[in-house]
*Asks:* 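Can you read through this structure? Questions will come right after.
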Amino acid sequence: MKLTDLLKKLEYECEQGSTDLEIGQVVHDSRKITEGCLFICVRGANFDGHDFAAEAVEKGARVLVVSREVPEVAGKDVTVIRVADTRYALAFISAAYFGYPAEKLRVIGVTGTKGKTTTTYMVKSILENAGYKVGLVGTIEVIIGRERIHAGNTTPESYALQEYFARMVEAGMDAVVMEVSSQGLMLHRTQGFVFDLGIFTNLEPDHIGPNEHSSFEEYQRCKGLLFKQCRVGIVNGDDSHVDAVLEGHTCQVERYGMGESNDLRAEQVRLVRKPGELGVAFRVEGLMDFDVEVPTPGRFSVYNALTAIAICRHFNVREDDIKRALLAVRVKGRIEMVKVPGPFTLLIDYAHNAMALESLLVTLREYEPNRLVCLFGCGGNRSRQRRYEMGEISGRLADLTIITSDNPRFEEPQAIIDDIKTGMARTEGAYVEICDRKEAIRYAITHGQEGDIIILAGKGHEDYQEIQGVQYPMDERVLIREILAEESQN
């Protein structure tokens, strides 16, 4: 591919060499440099690609894309292209390299603190029910037809994202629905194309720290970048931060929510409880008009479903297709119901911080369980404050807390449990501690009472436990099956 074609949507300066070149491959990882490639010197959290510029030339790189001087390659047989930001350049060069695949798909991007994963699966389910072929990019996995690829980041690096898009086009996909993280927006992973639909679910303080966002204001600003890169913005009009997120937007805007001023509204909301299942039903008003039921509980399930409906309206999906798809959709590790023979309801959820756990437990309380039982642990090498907060929240909102292990990483599991108990001590909540997670789940199941709601929190879709730098297989669904089989033999 011609270098000029790769660079045509970028502002750049050719500091050395010629742009009249054929490029064999685009590379941004110094370990993957090949003869005749273009190497983009990306600055990361731990490594700076500029430090590998000389090595890249020695390995045969034909072009370097840089954002600062690399004097060590001056006079060598290599073209040096200077840009303002190499991450931004990576996105546009990758899009060109793969033939601008996003232009051949309808691209839906969902951003927000909560609800991204569930919303993307709901949208995929509804659109496929209506006959569309839909790819998915998200926290759990990338789905291209029947192929499922484990996800490393919520929003992949721009080169990987464009490659996924290209593979979706090749597989005959009509659309792709993807989670768009604030980090992904900040690091330009979603540049190089325009979203057909950009979605905002909600905003709460999260992802603020040394390796993420410096402040809530920056986090909010990064979320808002999506609405300068989409044609139509669909936003939660009930969220208190929606106007700030939309500041400077360049798209057409639609609002959804429960408030009267929204274009698409949920009204007459009611809880649904069936044996082993919790759900919610409501009436859609405004831009559409029909009744719908969702087999997941609580107010946030209403918002997730309403978000999906607002999106699928743009695909002219029939009401019957929407209703059927929402009843069928299941998202791994997101208020996931697990059928068990006991007279109680068992759920798995990814809630792994105080905000998510509180939201989940408050929601489940609305279903008036006999007891609300919360099993959770906390990750090692993470904030101790999170442990205190989660312990206090569970102690305050659950009837019984089962404290166990999560991903201890390089910490002692018991030390983490002791921190959780510090938070528990601020409440009068009852608890037991069982370090081994399988045995903790066994205790929850064998001590379940009629009408209980038991929530296994923290692991969600994860199928491993990380101990001392090693990920050991551990899927809570598998553990439950093993426990039920073992108990049936006793």
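Being a predicted model, the structure only gives us computed values, none of them experimental.
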*Asks:* Can any side-chain N or O of Gln229 pair as donor or acceptor with the backbone N or O of Phe195 at less than 3.5 Å?
*Replies:* no
*Asks:* Is the closest basic N to carboxylate O distance between Glu336 and Arg330 below 4.0 Å?
*Replies:* no
*Asks:* Between Arg273 (side chain only) and Tyr367 (backbone N and O only), is there a donor and an acceptor less than 3.5 Å apart?
*Replies:* yes
*Asks:* Suppose the criterion is ring pair (Phe, Tyr, Trp, His ring centres under 6.0 Å): which pairs have a residue in residues 150-187, not counting sequence neighbours?
*Replies:* His28-Tyr159, Phe98-Tyr159, Phe165-Phe193
*Asks:* Work out which heavy atom in Pro297 is nearest to a heavy atom in Leu364; give both atom names and the distance.
*Replies:* CG-CD2, 4.0 Å
*Asks:* Using a 6.0 Å distance limit plus a 45 degree cone around the ring axis, check whether Lys459 lies over the aromatic ring of Phe376.
*Replies:* no
*Asks:* Hey, could you give me each pair passing ring pair (Phe, Tyr, Trp, His ring centres under 6.0 Å) that has a residue in residues 385-411? Not counting sequence neighbours.
*Replies:* none
*Asks:* Partners of Arg106 by salt bridge (Lys or Arg N to Asp or Glu O under 4.0 Å), sequence neighbours excluded?
*Replies:* none
*Asks:* Considering only residues two or more places apart or on different chains, which pairs with a residue in residues 132-145 satisfy side-chain hydrogen bond (donor to acceptor under 3.5 Å, both in side chains)?
*Replies:* Tyr121-Glu141, Thr139-Thr154, Thr139-Glu179, Glu141-Arg148
*Asks:* Taking Phe200's backbone N and O only, do any of them form a donor-acceptor pair with Asn236's side chain (distance below 3.5 Å, no angle check)?
*Replies:* no
*Asks:* Is there a donor-acceptor contact under 3.5 Å from the side chain of Asp452 to the main chain of Arg371?
*Replies:* yes
*Asks:* Give me each pair satisfying ring pair (Phe, Tyr, Trp, His ring centres under 6.0 Å) with a member in residues 251-298, each pair once, sequence neighbours excluded.
*Replies:* none
*Asks:* Strictly distance-based, threshold 3.5 Å: is any side-chain N or O of Thr190 a donor or acceptor partner for the main-chain N or O of Leu185?
*Replies:* no
*Asks:* So, using salt bridge (Lys or Arg N to Asp or Glu O under 4.0 Å) as the criterion, who are the partners of Lys274 when residues are at least two apart?
*Replies:* Glu293
